[in-house]
Protein chains: 2
Amino acid sequence: MTKRGQTAKEATVADVARAAGVSKAQAARALGGYGAVSEQVLSLVVAAAEQLGYRPNQLAKSMTTGRSNSIGVIVGDIENAHFGLALRGISDEVRDAGYTVVLVNTDEDPEAEAGAVQELLQQRVAGLIVAPCSSTETAHLESAQERGRAVVLFDRGIHGLALDTVRVDFADVALQVGRVLLDAGHRRVGYVSSLRIPEPYEHGMDLGLSPVADRVGGIERAYREAGAEWDASLVKLNAASDDTLAAACAELLDQPEPATAVVCSDSLIALGVLGQIKRRGLRIPDDISVVAYDDFLWTELVEPPLTVVAQPVYDMGREAARVLLRRLGHRVPAEQLPLRPHLVRRASVGAPRARTTTGSADHR
Amino acid sequence: MTKRGQTAKEATVADVARAAGVSKAQAARALGGYGAVSEQVLSLVVAAAEQLGYRPNQLAKSMTTGRSNSIGVIVGDIENAHFGLALRGISDEVRDAGYTVVLVNTDEDPEAEAGAVQELLQQRVAGLIVAPCSSTETAHLESAQERGRAVVLFDRGIHGLALDTVRVDFADVALQVGRVLLDAGHRRVGYVSSLRIPEPYEHGMDLGLSPVADRVGGIERAYREAGAEWDASLVKLNAASDDTLAAACAELLDQPEPATAVVCSDSLIALGVLGQIKRRGLRIPDDISVVAYDDFLWTELVEPPLTVVAQPVYDMGREAARVLLRRLGHRVPAEQLPLRPHLVRRASVGAPRARTTTGSADHR
DNA sequence: CCAGCCATTGAGACCGGTCTCACTTACAGA
DNA sequence: TCTGTAAGTGAGACCGGTCTCAATGGCTGG
C-alpha cells in the first residue's frame, strides 16, 4: 500500500496520464479542471490520480502560470502581540483567497527588511505586506513597487511613496490622550517607542506617516492649544531592545525633573516600561501615570488596570490583506473595514505628585 | 533607468547571457557560482546581470533542483504568545540556513491542520514543523512522513508515530506544582487547557505525548503519593475559544464545591481564567490560587504576580528548527539546547479559604 | 451528400533555472 | 613531438506543470 522508498518520487501528470492511458495534455486538463475533457477520460484520469496519490506540484504551477499563491509578510517583531494579531487577520483573510503566508521577522532592522524584500521577491510571492521599521530607508520598497509587485504598507506609511497603506488615524484619539494627561495636571509626559530614527526627536520632526507622528503630534497639539508647556525631549524613540528601552526609561525617570506620565507606543513597550517602573518602586498612578497603545487582555488585569488606546488590530490585518488581494485582482468586499481607535479609560492615569520645585527627586 | 512597464518582465539567465554575449549555460554558471567559469566571462556576466537588474527566480531554482528553501510551520494559534515566541525561534534559526517560513494558522482545528499539511506539501516545502492540535487525528502527519517529507512535531508528540518531537519534559516540574498546591492545602484543583479531546478527561486517559498529559499526571502523582484525594473531573479540556473557556471556568467555580486552585495550561488560558475570576469578584490567592504555564512578562505585573512554570519557548522553537535542519542534511550544532522548565514561585498560590462543609458557595 | 461547427484529443513548446555531455583549447610531462 | 589532464565552453535535456495549435471525428443545416 504505502511506498517504502524514502525519497518516494511524487507522481506527476505524466505518470497519471500513462496510467490512465491518455495524453499528458488530457490528464492535465482533467486534473486542472480546464479545457474540454470527456466524461470517460475524466473518470479514467481521476481514478489513476487517486491510485497513484497524485498531488499537483504548486511550484511548477506557479512557474508556468507566473501566478504565485503565496504572499509575503514582513514584520519587525512577531513576538509583539500587535503583529501576532495582525498576522492572524492577514492569514485568515488571505487563506480564503487561496494564498499562504510567508513570514519574515526583521528584528526591526532596516537591512534585514531590505534583504527580506529581496528574498521574497525572488521567491516570487504574489504580493507583500510590510510593516516598515523605518520611515526613511525605503529604497527596497520603492524598487519592489517599480518591479510591478503589489506592496501594502502596514501601520506605518511613508511620505511621497505611492504605496497603499493600511493604518488607523490616531490624530483624534491622540489629542484625547493629550487632554486627559493635561487635565490630570501633567506637564512632563514621556513617550516611548521602538520606531527607528537616526537622531533624537525634536519639535516638528518628520516621522513619516508613522503612527508615532500622529500620537506625539496629538499630545503636542493638546498642550499647545492649552498654552501649556511641552517638552519634546521626553519623546524617546529607538527603544527596540531591552537595553535601549531601559535607557529610555532611565532618561525619563531618573532625572531631577522626571516625567510624571509616560505614554507607551505599544504593548511590548508598555510591558517593559511597567517593569522599569516596578523596579524603581514607583506606584501607578500616584508616582507616575501610564497610557499604552493596544488593548490586550493583560492590560486590564494588571494593577491598576491600564488606560489604553484600543485599536482593531485584527481588522487592520484583514484590511491590509484585502487591499492587497484587490490589487492582485481578487474580488473582496468593497467597503473598508472601519479602523477607528478609541480611548479606554481605566485607572493608570492620575494627578502628578505634588513636588517641591527644587528639582530633587524624592522617591527612593 | 527604471522600467516604466507595470508588468516589468524580470530578466532571466537567458537575457543576461545574451547581453553578455555568452551561452546560457555559462551565464548560469557564473551567476550560480558553480562549474568552471573564466574570469573574463564572470565579469562580463556579472556586469550584464547588474545592468539588467537580474534576480534569480527561486521558483525555477527549487523546481529543477527539487530543493525548496522554505519550511512550513503549522500552529493552532499565532495569537498565543507561546507560538509567537516559538515561531521567532524557528524563524531565527532557519534563516541562517537560508530558509524562509511559510506559516499556517489552524485555529486549533484538526481539519484545517490536515488541509494545511496538504497545501504545504503541494508547495513543496522542504520540511514541516507542526504543533498538532490533536493527539489522536494524525493520519495527515503520518502520510507526510511516508512521502519522505521531514516532519518535526512541536510541543505535542504522538504515541506510536516515529516522528521527531521537540518538547520539554514536564514530569518533574508538574510534580512540583502538585506538591505546592497540596502543601498549601488544596484538595480541589482545576486544570484548564485548549487541548482537543473528543471526550471529557478521565483518570488514566491517554492524552498522547501532550504536555497536558505530563502536567496533569504530575499533579495527580503528587496527590496520589500523599494519599490525598484527586478529582479528575476538574480537568477541563477543549477550552479553545472564549465560550468554551468560560464554560470550563463556570464548571470549576460556580459549583457547590468549587475548585480552590486552578492550573492554566498556557498564558492565553491564564488570561481568560484571570478575567473570569475577576468578573466573579474572587480574589487571588485568598479565594482561589492560580498557577500558569509560560512565564511571559505580564504574569509578573498582574496583582498578585502569578506563580508560573517557565519554559524556554524561544529555544524550543530553535531546537525544533535545528532538528528539522539536521534532517534536511544541514550542519547544525550537535548538542541539544537544554529545554528544562522550572517553577517560578510568586504570590498567586495561597491556602484555600476555610469553608463550611455544607457545600454552599459563599462568595457573592 | 458535403461544408461548417464544435467537442475532444495529442504533440510539443514554454516557463527559468540546473546539469550532463561532448568538444575545444592550453599546458605539463615524457 | 605526442599524450594526458584539466579548464572553459555551448548545446540541449530536464523539472512538472500550462497552454497553443493542429488534427480528428461526430453532428447539423442546406
Side-chain angles (χ1 to χ4, degrees), chain A residues 7-46 48-49 52-70 98 119 121-126 147, chain B residues 7-46 48-49 52-70 98 119 121-126 147:
Chain A
T7 331
K9 270 285 254 156
E10 298 275 344
T12 70
V13 230
D15 296 332
V16 173
R18 208 171 305 121
V22 301
S23 72
K24 183 180 148 196
Q26 277 309 86
R29 283 190 263 256
L31 261 11
Y34 59 92
V37 180
S38 65
E39 288 293 323
Q40 196 198 1
V41 167
L42 183 65
S43 58
L44 274 173
V45 170
V46 167
L52 292 174
Y54 171 76
R55 219 58 58 88
N57 182 330
Q58 187 60 48
L59 247 47
K61 191 173 292 195
S62 294
M63 231 204 66
T64 44
T65 59
R67 268 167 269 122
S68 157
N69 72 147
S70 60
E119 200 163 11
L121 250 34
Q122 291 183 195
Q123 250 182 70
R124 299 297 191 267
V125 293
R147 284 163 179 277
Chain B
T7 330
K9 269 288 253 155
E10 298 275 346
T12 71
V13 229
D15 296 332
V16 174
R18 208 171 305 123
V22 301
S23 72
K24 183 180 149 195
Q26 277 310 86
R29 283 191 264 254
L31 261 10
Y34 59 92
V37 180
S38 66
E39 287 294 323
Q40 197 198 357
V41 168
L42 182 64
S43 58
L44 274 173
V45 170
V46 167
L52 292 174
Y54 170 76
R55 218 56 59 88
N57 182 330
Q58 188 59 49
L59 248 47
K61 190 173 292 194
S62 295
M63 232 204 67
T64 45
T65 59
R67 267 169 272 122
S68 157
N69 73 147
S70 60
E119 199 162 13
L121 251 33
Q122 292 182 196
Q123 248 182 73
R124 299 299 191 266
V125 293
R147 283 161 178 279

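By convention in this document, chain letters (A, B, ...) are assigned in the order of the sequence lines, proteins followed by strands, and residues within each chain are numbered from 1.
Rounded to an integer number of Å, the gap from A:N69 CG to D:dG16 C1' is 15 Å. In this structure, the NZ atom of A:K61 is 16 Å from the C1' atom of D:dC15, given to the nearest Å. What separates OH of B:Y54 from C1' of C:dG16 is a distance of 8 Å, to the nearest Å. The CG-P distance, from B:L59 to D:dG17, rounds to 13 Å in whole Å. Between the OH atom of B:Y34 and the P atom of D:dA7 there is a distance of 17 Å, given to the nearest Å. Look at CG on A:L31: it is 8 Å from P on D:dG17, rounded to the nearest Å. When rounded to the nearest whole Å, the span between CE of B:M63 and C1' of D:dC14 equals 8 Å.
In terms of heavy atoms, A:R147 sits closest to B:E10 at NH1-OE1, 2.9 Å. In terms of heavy atoms, B:R124 sits closest to A:R55 at NH2-O, 3.4 Å. The two residues B:A49 and B:L31 have their closest heavy-atom pair at CB-CD1, 4.0 Å.
No donor-acceptor pair under 3.5 Å is formed between the side chain of B:S70 and the backbone N or O of B:V125. Here the side chain of A:S68 pairs no donor or acceptor atom with the backbone of A:S62 at under 3.5 angstrom.
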List every contact pair, protein side and nucleotides 8-12 of chain C side both N or O, where the distance is under 3.5 Å.
| from | atom 1 | to | atom 2 | distance (Å) |
| --- | --- | --- | --- | --- |
| C:dT9 | OP1 | A:S38 | OG | 2.9 |
| C:dT9 | OP2 | A:Q26 | NE2 | 2.9 |
| C:dT9 | OP2 | A:S38 | N | 2.9 |
| C:dT9 | OP2 | A:S38 | OG | 3.0 |
| C:dT9 | O5' | A:Q26 | NE2 | 3.4 |
| C:dG10 | OP2 | A:S23 | N | 3.1 |
| C:dG10 | OP2 | A:S23 | OG | 3.0 |
| C:dG10 | N7 | A:R29 | NH2 | 2.9 |
| C:dG10 | O6 | A:R29 | NH2 | 2.9 |

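Side-chain proximity of B:N57 to D:dT18, C:dG16, C:dT18: nearest is C:dG16.
Remark: B:K24 NZ to B:T12 OG1 distance equals 8.0 Å, nearest 0.5 Å.
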